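All values derive from a computational prediction rather than experimental measurement.
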Amino acid sequence: MNTAIEQLGKLAEALVHEQREDEKRLASVIEQKSLRIRRAEGVTWSPIAIEEQDFTFGGRVRLKAKMQHNAGLSGAFRTGSPVHLYQANESGRPISKDAVRTGIVRKSKATAVEIILDGPPLSASETHERWTLDARSDDRTFRLMARALNHWINTEDEWERRTRDAFMGVGIEAEYAESKEEEGLPLVPQGRLNALQNCWMNHALSEPVFSLLHGPPGTGKTSAILEFVAQSVERKQRMLLTAPSNAAVDLLVAGCASKGIRAVRIGHPMRLGEAVLPFGLDAQVEKDPEYKQVRDLRKRAKQAWQIADRFHRNFGSDQRTERAAARQDAKSLEKEAYQLESYIAERIVRKAPVVCATFVGAANDVLVNESFDCLVIDEAGQAMMPGVLIPMQRSKRFVLAGDPNQLPPVVRSAAAQKQGLEESALARFMRSEGCRTSTTMLTEQYRMHPEIMHPSSQWFYDGRLQAAAGMTQVVLPEVLRGPWTFIDSAGCGFDEEKEEGSASTLNPSEADFVLKRTIEILAACPSFQVGVIAPYRAQVAELERKFETIDNHKDFRNRVEFATVDAFQGQERDAIVISLTRSNSQGEVGFLKEYRRTNVAMTRAKHHLLMVGDGATLGNDSFYHQLMESAEQSNAYHSAWEWLYDS
């Protein structure tokens with residue numbers, strides 16, 4: 001067996017491959033795709049208008065730019081993103097290589113950005129031109145992961161070495177921290193959790209170094225985590241809650257709020273959900289009584305910059321001295337404002353019992369000197385190992401929760417996949433000798449009708465999932481034909497296509513059929529919220545476009561959502577409709593080979609699951625062949641011709 005250092009070294013090599021692949025992919029989109037595709041892919045805004053130009057600390061150029069109508073996707077650029085800025089020709093390319101400017105997004109809103117520009121300012125005439133903004137490869141996440149790997153490889157701390165060996169599977173289980181049961185607090189409030197949740201809770205509260213929670217869909221993983229956080233806070237422990245995505249972190253913040261737990265959300269406001277914005281660090285800093293001093297300092301700094309940039313008809317030594325003094329004053333005021341703002345932020349974080357952030361957010365400067373009694377990593381089944389190593393430097397106790405049978409980390413490089421980067425942190429921990437004995441799997445599920453649950457339980461969870469007693473089972477109208485329905489479109493001529501200028505797949509005829517079934521569900525079940533899922537972005541776009549052309553679509557707009565599988569991770573709907581999309585004479589299923597994605601899609605449904613696909617294509621794959629056989633055995637299998645003949 002390779003040592004922990006050797007294994008981490010391979011992950012470091014894999015990370016390099018993945019970064020290169022990421023850079024190559026972005027470059028291919030920007031350099032080879034049309035302006036329309038680049039806008040749709042969220043890598044370009046064109047045109048944008050320069051609304052303001054001034055200077056920030058250190059004399060660097062600061063631009064405020066706004067996206068014009070139909071210039072790209074809202075919110076495409078985030079704080080810290082590196083960008084290219086240039087004037088474009090008719091094809092959307094730079095008018096010359098020398099005309100491309102580089103910069104970093106300092107602040108971001110839905111349709112506007114503030115950019116710190118490298119080099120000299122734009123001329124007065126240039127600020128009135130139309131510009132194009134392109135994303136550059138963002139290496140910050142990769143740099144932070146590489147830095148974390150380096151830390152754990154080279155650490156000289158004996159405890160960290162033993163812990164590293166344990167979670168990499170080459171050492172004995174890390175020792176338990178001292179238990180605090182003697183404080184007399186009950187481990188778990190009776191009645192809030194089921195037996196397995198209680199079992200895990202008791203283990204986690206006894207303060208082991210590792211505690212893993214395997215939570216299949218609908219089994220109450222999040223409820224157990226939040227109860228653990230509440231119990232830990234009651235014991236005066238400080239918690240850091242993390243997850244690989246902003247959406248998953250926001251769910252943790254909202255859950256803390258529902259339990260009356262005071263939490264601070266680290267992250268740029270543009271990346272926070274509207275419901276959790278008041279818990280964001282920025283919002284809490286601005287509410288602090290001392291923040292009015294920050295506003296005053298920045299107002300004075302702006303006035304000083306205006307003096308420095310004032311036009312003089314006759315510019316002599318006196319004016320030069322005045323301008324230099326004004327610039328110095330502006331820089332001094334901005335520095336003072338920044339220091340006071342940082343002090344307020346650090347004070348808020350220091351006093352917070354719970355801090356929530358993504359893995360990258362856990363490397364925020366405001367947390368540099370902070371440590372926590374316990375680190376909770378939710379959705380660890382989606383997390384790259386180098387990613388979780390970032391927040392793991394902030395604590396000596398680790399709770400990982402998630403499901404390795406749902407969405408894995410997104411790794412595009414084949415070389416990186418071969419070197420193990422695609423294996424999630426949770427999967428790696430669960431197979432390591434030092435952690436697997438600390439794993440609890442939840443098996444009582446509260447979301448799905450038993451017929452919807454059954455296929456997933458059999459194929460992914462060894463048949464261990466059981467529907468919780470007393471689950472509400474809605475009586476469905478006959479038009480839905482039961483809780484689970486698989487409609488086979490074989491022979492109907494629903495052929496797949498490739499999106500123009502893209503490798504993504506769509507199936508327009510299947511989209512038409514799926515939308516008709518979706519409208520039937522919405523009309524027959526007025527209280528239902530419905531999710532329509534497709535594995536391909538192009539098919540999602542096709543479904544949305546066609547939906548907007550339906551005469552009565554506005555009657556249902558607020559009850560239906562179209563998205564890829566990734567967007568629905570962690571969510572649920574009364575009914576889920578899945579357009580499997582693939583239909584070809586070669587029997588190729590492509591992206592559908594990632595069966596865990598299908599597992600995620602199927603298990604979002606509470607009362608009704610409808611799947612539409614070409615059995616002739618899908619049947620060549622053993623997984624989908626078994627899926628259709630299971631549907632037949634459950635009387636859930638139907639041919640699309642049953643509907644086409646009726647119409």
With no hydrogens and no angle check, is any side-chain donor or acceptor of [X] less than 3.5 Å from a backbone partner on [Y]?
| X | Y | result |
| --- | --- | --- |
| N194 | Q197 | yes |
| Q445 | R447 | yes |
| N599 | N405 | yes |
| E561 | G531 | no |
| N507 | F494 | yes |
| T358 | N246 | no |
| Q539 | P535 | no |

Can you find a pair of side-chain heavy atoms, one from [X] and one from [Y], that are under 4.5 Å apart?
| X | Y | result |
| --- | --- | --- |
| K396 | E160 | no |
| L8 | L389 | yes |
| E542 | Y536 | no |
| F228 | L193 | no |

Original post:
Just checking, any donor-acceptor pair under 3.5 angstrom between side chains of K498 and T505?
Top reply: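 Yes - a donor-acceptor pair under 3.5 Å links their side chains.
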**OP:** Run the numbers on L610 and I487 for side chain to side chain contact (heavy atoms under 4.5 Å, CB included), then give the verdict.
**Re:** CA-CA 8 Å; L610 170 61; I487 301 179; 3.5 Å; yes
Does a salt bridge link [X] with [Y], judged by any charged N lying under 4.0 Å from a carboxylate O?
| X | Y | result |
| --- | --- | --- |
| R596 | D403 | no |
| K221 | E379 | yes |
| R162 | D165 | no |
| R397 | D373 | no |

**OP:** Using the test side-chain contact (heavy atoms from CB on, under 4.5 Å), find all partners of A363 that sit at least two apart in sequence or belong to another chain.
**Re:**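 If we apply the side-chain contact (heavy atoms from CB on, under 4.5 Å) test to A363, skipping adjacent residues, the hits are L144, I390.
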Original post:
Can you name the side-chain contact (heavy atoms from CB on, under 4.5 Å) partners of I5, sequence neighbours left out?
Top reply: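 T3, I153, R164.
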Original post:
Passes side chain to side chain contact (heavy atoms under 4.5 Å, CB included), C256 versus L241? Steps please.
Top reply: CA-CA 10 Å; C256 287; L241 311 187; 3.7 Å; yes
Original post:
Passes side chain to side chain contact (heavy atoms under 4.5 Å, CB included), R428 versus L11? Steps please.
Top reply: CA-CA 12 Å; R428 183 177 284 270; L11 288 178; 4.2 Å; yes
